Amino acid sequence: MTDNSQILTDLSVATLAVSDTPYGLIEDAAIAITDGMIAWVGPKAKLPQDHAALAQTSLGGRLVTPGLIDCHTHIVHGGDRAVEFEMRLNGASYEEVARAGGGIVSTVKATRAASEEALIASALPRVDAILAEGACVLEIKSGYGLDLETELRMLRAARAIARHRPVRVTTSFLGAHAVPAEFSGDADAYIDDICIPALRAAHAEGLVDAVDGFCEGIAFQPAQIARVFDVAAELGLPVKLHAEQLSNLGGAKLAASYGAMSADHIEYLDEDGVAAMAEAGTVGVVLPGAFYTLRETQMPPIAALRKHGVPMALATDCNPGSSPMTSLLLTMNMACTLFRMTPEEALAGVTRHAAAALRLDDCGRIAPGLRADLAVWDVAHPAELAYRIGYNPLHSRIFGGKS
Ligand code: DI6
Ligand code: FE
């Protein structure tokens with residue numbers, strides 16, 4: 001099955017279209033693909049005659065979903081922090097870990113020391129793990145360079161991933177991720193002298209699809225984030241924000257005031273912030289991998305997000321510190337078990353709502369006119385995708401109509 005014009009038959013399909021049927025599920029379905037796009041989807045008995053000439057491929061009764069979308073990753077970075085993880089579990093204090101060169105500074109050091117080729121080579125096995133669970137789109141952030149050259153190098157490596165693998169990559173400039181040691185105590189100077197010039201340079205090179213920041217006591221204040229977002233607005237770039245992860249600084253509200261695509265983490269988000277997101281059409285990106293790794297106890301306000309109709313997306317947050325995770329299926333399971341999201345919300349979180357978080361309107365659902373990015377699963381019911389722990393039932397992945 002390599003041709004990208006064909007009819008897929010003998011399948012059930014969770015279209016994730018907005019419909020009265022849970023998951024937008026259609027049994028005994030067929031999907032017509034022409035030129036890498038979905039031409040038709042529906043019950044096989046209703047397949048229009050004009051598609052009947054296309055070659056048919058039986059999927060043996062399997063379930064088809066939209067290709068998954070990981071809408072928040074830091075998958076390009078140097079080094080890892082496994083030894084630091086071990087030191088902590090052997091009783092080392094935060095200071096001892098920091099003195100031994102650990103923490104985010106160690107990732108910045110390793111990333112600055114890595115060539116573009118090395119960054120690509122170290123990211124690819126992680127990318128492969130995510131694709132092996134049916135992902136077709138990855139968002140990738142900068143933010144471990146914190147100097148102009150390395151921020152640009154990270155984004156070039158991110159773009160290169162899409163030339164090395166059949167996957168769509170969207171990039172986010174995250175210069176406002178942390179204050180590097182050389183600007184310690186002077187976050188404002190870092191924003192003016194490095195972050196904003198690096199954003200302009202990265203944009204001029206076509207490396208930036210969106211602008212992100214980390215709004216937190218240990219990172220940047222809302223007023224500093226606002227200065228970066230003002231430049232994003234000037235450049236015509238959409239924004240998103242790591243907001244309310246460890247405390248409530250009103251980051252989501254700030255992001256919403258800039259019409260943000262998403263506010264991410266959001267454990268400490270209050271109902272005021274939820275209402276602002278609903279008003280602005282800002283998606284809430286829930287990241288259970290970081291919650292789990294940090295042994296956080298404050299739950300994201302799932303009930304308030306539901307009440308205000310804020311779409312909830314899910315992502316791995318794949319990063320070497322707070323979420324060394326490369327599984328969207330495990331992310332879905334954690335969202336259900338830790339946050340009591342439903343399996344249907346979890347699947348929407350890595351498909352339809354993840355597409356909305358990235359402002360992509362040609363994927364994340366199965367409907368005519370959208371890209372034929374599909375995941376084919378050896379499961380009978382879509383709830384099984386969030387139910388299992390550490391089991392991958394992917395049968396095959398179709399990217400732009402090609403297996
Ligand atoms: N929030 C996080 O959890 C990560 N970045 C962020 O803004 C942590 C990054 C790291 O520890 O390397
Ligand atoms: Fe993150």
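Read the numbers this way: they start at 1 and go in the same order the structure lists the ligands and their atoms. Every value quoted in this text rests on a predicted model; they were computed, and no experiment measured them.
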Distance-only donor-acceptor check, side chains Tyr391 and Glu384, under 3.5 Å = no
Salt bridge (Lys or Arg N to Asp or Glu O under 4.0 Å) partners of Asp272, counting only residues at least two apart = Lys253
Note: [X]-[Y] ion pair, threshold 4.0 Å (strictly below):
X: Arg159; Y: Glu116; result: no
X: Asp128; Y: Arg165; result: yes
X: Asp362; Y: Arg168; result: yes

Decide yes or no on side-chain contact (heavy atoms from CB on, under 4.5 Å) for Leu16 and Ile366, but give the supporting numbers first.
-> CA-CA 7 Å; Leu16 274 296; Ile366 300 176; over 6 Å; no
Residue pairs fulfilling side chain to side chain donor-acceptor pair (under 3.5 Å) with at least one residue in residues 211-233, sequence neighbours excluded = Lys141-Asp212, Asp188-Gln224, Asp188-Arg227, Asp192-Arg227, Asp212-His242, Glu216-Ser247, Asp230-Tyr258
May I ask you to decide if the ring planes of His72 and His265 are parallel, tilted or perpendicular, using 30° and 60° as cut-offs?
-> perpendicular
Residues lining ligand 1 [heavy-atom distance under 4.0 Å, listed by chain and residue number] | Arg81, Ile104, Tyr144, His177, Phe214, His242, Gln245, His265, Asp317, Asn319, Gly321, Ser322
Atoms of type N, O or S from protein under 2.8 Å of the Fe ion (ligand 2), total 4
Evaluate side-chain contact (heavy atoms from CB on, under 4.5 Å) for Val228 paired with Phe220, printing each intermediate quantity in order.
-> CA-CA 11 Å; Val228 179; Phe220 297 94; over 6 Å; no
